[in-house]
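In what follows, a single structure is set out as structure tokens and then discussed.
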Amino acid sequence: DETGDDEDGEEDTTIDFESRVKVYVSPTGSGSQDGSSPENAKSSFASAYSAVQPGQAIVMADGIYEEAYVITMDKEDVIIKAAEDAKPVIKLTGAWTSLHLTATVQFDGIGFDGNGVCYYPISSMGSNAGKFTFVNCDFTGWVYWGISNQYESTTHVDSVIIDKCTFHDAVGGAIRFNDGAPAGTHACSYFKMTNSTLYNLVEEEYSGIIHVSSRGEASGDQNEVIIDHITMYNNSSKDLGCIAIRKTSNLKISNSIIVFPTNLGQPALYIYGGTVNNTLYLNGTIKSGPTYTACIADKDPLFVFPEGGN
């Protein structure tokens, strides 16, 4: 099933990999380095991406791949996957070094290290940038946002799916899809984050740790946001709290634990409506945005309002 739904109606992040033509890459690339086999692997991620064709795959061996320049990823339907038992890390060594995504792509088992200097390890560009999927990935060391459409870009992304990922130890928020999209559209139409952990993030740009915003509220065309089975702790945000889902009430948060510092005066959740189920949050409050009234439609006994919460 290429990118369809599974039997339960959930988005299927399993994409056929074995049948694809593959380009192999290793930090110790050897042989002919044409990427045709592990023995003849390309020696850098940039060279492997240059060689791969739409609909093919890149297999990354264990090790650290240092990249000092922007890599524009504009080839449709490419999978980037760790080799068996490997933990490859793409290390971005410049402030503006980034993987610019402009086409549908899936990363599986890849680490991204901003090296304490990179602004956006993953950024999206273009008026229709496709579908982005991250499975079993690790993000660390960035400065502004781990995955972002950048500030005031005109990017529209069809969907972002994040599953079994970690975001940690960085000076910045994890996710930002906000601003820039033309009025009546969205920076991201469908956002789903599941089975993931976020910790030790210090966000200083007034945008929250997870921030997804719609600009379609005037026409009623709201984007869809699903957050399920995530854990957040030891994070801080200058504004908008841990999770900020703005200008849409088409939101579902479930089965999650959100721990927020007590001394920041920021909401744990800044939302415009939707449903929150089976979710525990400690400290902070819930803040409702100005466009939609506070309409948390469904709360069960495990959804805990702390003393002083709204």
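Remember, predicted model here, so these are calculated numbers, not experimental data.
No side-chain heavy atom of Trp142 sits less than 4.5 Å from a side-chain heavy atom of Leu92. Between Phe139 and Ile122 there is a side-chain heavy-atom pair separated by less than 4.5 Å. Two residues are said to be in side-chain contact when any heavy atoms from C-beta on lie closer than 4.5 Å; Phe177 and Ile147 meet this criterion. Taking 4.5 Å as the limit, some side-chain heavy atom of Ile175 sits within range of a side-chain heavy atom of Phe167. Here the side chains of Met193 and Ile243 are not in contact, with every heavy-atom distance at 4.5 Å or above. Looking at heavy atoms from C-beta onward, Lys42 lies out of side-chain contact with Ile58 at the 4.5 angstrom threshold. By the 4.5 Å heavy-atom criterion applied to side chains, Ile210 and Ile230 are counted as neighbours. Glu39 is not listed as a side-chain neighbour of Tyr24, based on a closest heavy-atom distance of 4.5 Å or more.
Atom CG of Leu251 sits about 9.5 Å away from atom CG of Asn223, to the nearest 0.5 Å. We find the CE-CD1 distance between Met60 and Ile80 to be 8.5 Å, quoted to the nearest 0.5 Å. One distance of note links CG of Asp158 with SG of Cys188; it measures 8.5 Å at 0.5 Å rounding. Considering OH of Tyr233 and CD1 of Ile258, their distance stands at 14.5 Å, rounded to 0.5 Å. Between Asp169 atom CG and Leu201 atom CG the span is 7.5 Å, to the nearest 0.5 Å. For the atom pair CG (Asn195) and NZ (Lys164), the distance works out to 5.0 Å, reported to the nearest 0.5 Å.
Here the closest heavy-atom approach between residue Glu76 and residue Ala103 is recorded as OE1-CB, 3.3 Å. The two atoms that bring Ser236 and Ile209 nearest to each other are O-CD1, 3.7 Å, heavy atoms only. Nearest heavy atom pair, residue Ser123 against residue Ser98, reads OG-OG, 3.0 Å. Smallest separation of non-hydrogen atoms from Val59 and Phe17: CG2-CZ, 3.6 Å. Of all non-hydrogen atoms in Ala51 and Lys75, the two that sit nearest each other are N-NZ, 4.3 Å. Of all non-hydrogen atoms in Ala61 and Pro88, the two that sit nearest each other are O-CB, 3.3 Å.
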Exercise for review: Kindly determine whether Val212 and Val160 satisfy side-chain contact (heavy atoms from CB on, under 4.5 Å), including the steps that lead there.
Suggested key: CA-CA 11 Å; Val212 181; Val160 175; over 6 Å; no
Review point. Between Phe191 and Ile162, is a side-chain contact (heavy atoms from CB on, under 4.5 Å) present by the stated rule, with each step listed?
Key: CA-CA 8 Å; Phe191 178 87; Ile162 300 168; 4.0 Å; yes
**Study point:** CA sep, side-chain torsions, deciding dist, call: Ile226, Tyr190, side-chain contact (heavy atoms from CB on, under 4.5 Å)
**Key:** CA-CA 8 Å; Ile226 298 172; Tyr190 177 79; 3.8 Å; yes
Exercise for review: Please assess Lys192 against Asp163 for the test side-chain contact (heavy atoms from CB on, under 4.5 Å), listing each intermediate value before the final yes or no.
Suggested key: CA-CA 8 Å; Lys192 183 176 182 181; Asp163 185 43; over 6 Å; no
Exercise for review: For the pair Thr93 and Asn115, evaluate side chain to side chain donor-acceptor pair (under 3.5 Å) and give the outcome as yes or no after the intermediate values.
Suggested key: CA-CA 6 Å; Thr93 60; Asn115 198 37; 5.7 Å; no
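When atom types are taken as modelled, the side chain of Ser124 and the backbone of Leu101 share no donor-acceptor pair closer than 3.5 angstrom. Side chain of Tyr65 to main chain of Val25: a donor-acceptor pair is present (N/O by atom type, distance under 3.5 Å, no hydrogens or angles). Listed for the Ser196 side chain is a donor-acceptor partner under 3.5 Å among the backbone atoms of Thr194. Side-chain atoms of Glu67 come within 3.5 Å of backbone atoms of Ala46 as a donor-acceptor pair (strictly under, hydrogens ignored). Although no hydrogens or angles enter the test, the distance criterion places no donor-acceptor pair under 3.5 Å between the side chain of Gln56 and the main chain of Val52. No side-chain donor-acceptor contact under 3.5 Å links Asn40 to the backbone of Gln33. Remark: the backbone N or O of Asn149 is not paired with any side-chain donor or acceptor of Arg176 at under 3.5 angstrom. Judged by distance alone, the side chain of Asn235 and the main-chain N or O of Leu198 form a donor-acceptor pair under 3.5 Å.
A parallel orientation is assigned to the rings of Phe134 and Phe107, their planes being inclined by less than 30° (bins at 30° and 60°). Ring geometry, Trp145 versus Tyr120: the interplanar angle falls under 30°, so the pair is classed parallel (tilted spans 30 to 60°). Using the six-membered ring where Trp is involved, Tyr119 and Tyr144 have ring planes that are tilted, between 30° and 60° apart.
Within a 6.0 Å radius of NZ in Lys87, other residues, nucleotides and ligands contribute 12 heavy atoms or fewer.
Asp228 is linked by a side-chain hydrogen bond (donor to acceptor under 3.5 Å, both in side chains) to Ser254, Asn255, counting only residues two or more places apart in sequence or in another chain. Judged as a side chain to side chain contact (heavy atoms under 4.5 Å, CB included), and not counting sequence neighbours, the contacts of Thr72 are Val70, Asp74, His100, Thr102.
Screening Thr231, Asp138, Thr197 for a side chain to side chain donor-acceptor pair (under 3.5 Å) with Thr166, the sole residue that qualifies is Asp138.
Criterion: ILVMFWY side-chain heavy atoms under 4.5 Å apart, direct or through other members. Under it, Val157 and Ile71 are part of a common hydrophobic cluster. Residues Leu99 and Tyr69 do not share a hydrophobic cluster, defined by chaining ILVMFWY side chains whose heavy atoms lie under 4.5 Å apart. Note on Val135 and Val89: separate hydrophobic clusters, where clusters join Ile, Leu, Val, Met, Phe, Trp and Tyr whose side-chain heavy atoms are under 4.5 Å apart, directly or indirectly. Linking Ile, Leu, Val, Met, Phe, Trp and Tyr whenever their side-chain heavy atoms come within less than 4.5 Å puts Val78 and Met73 in one cluster.
A cation-pi contact, defined as under 6.0 Å to the ring centre and within 45° of the axis, is absent between Lys91 and Phe45.
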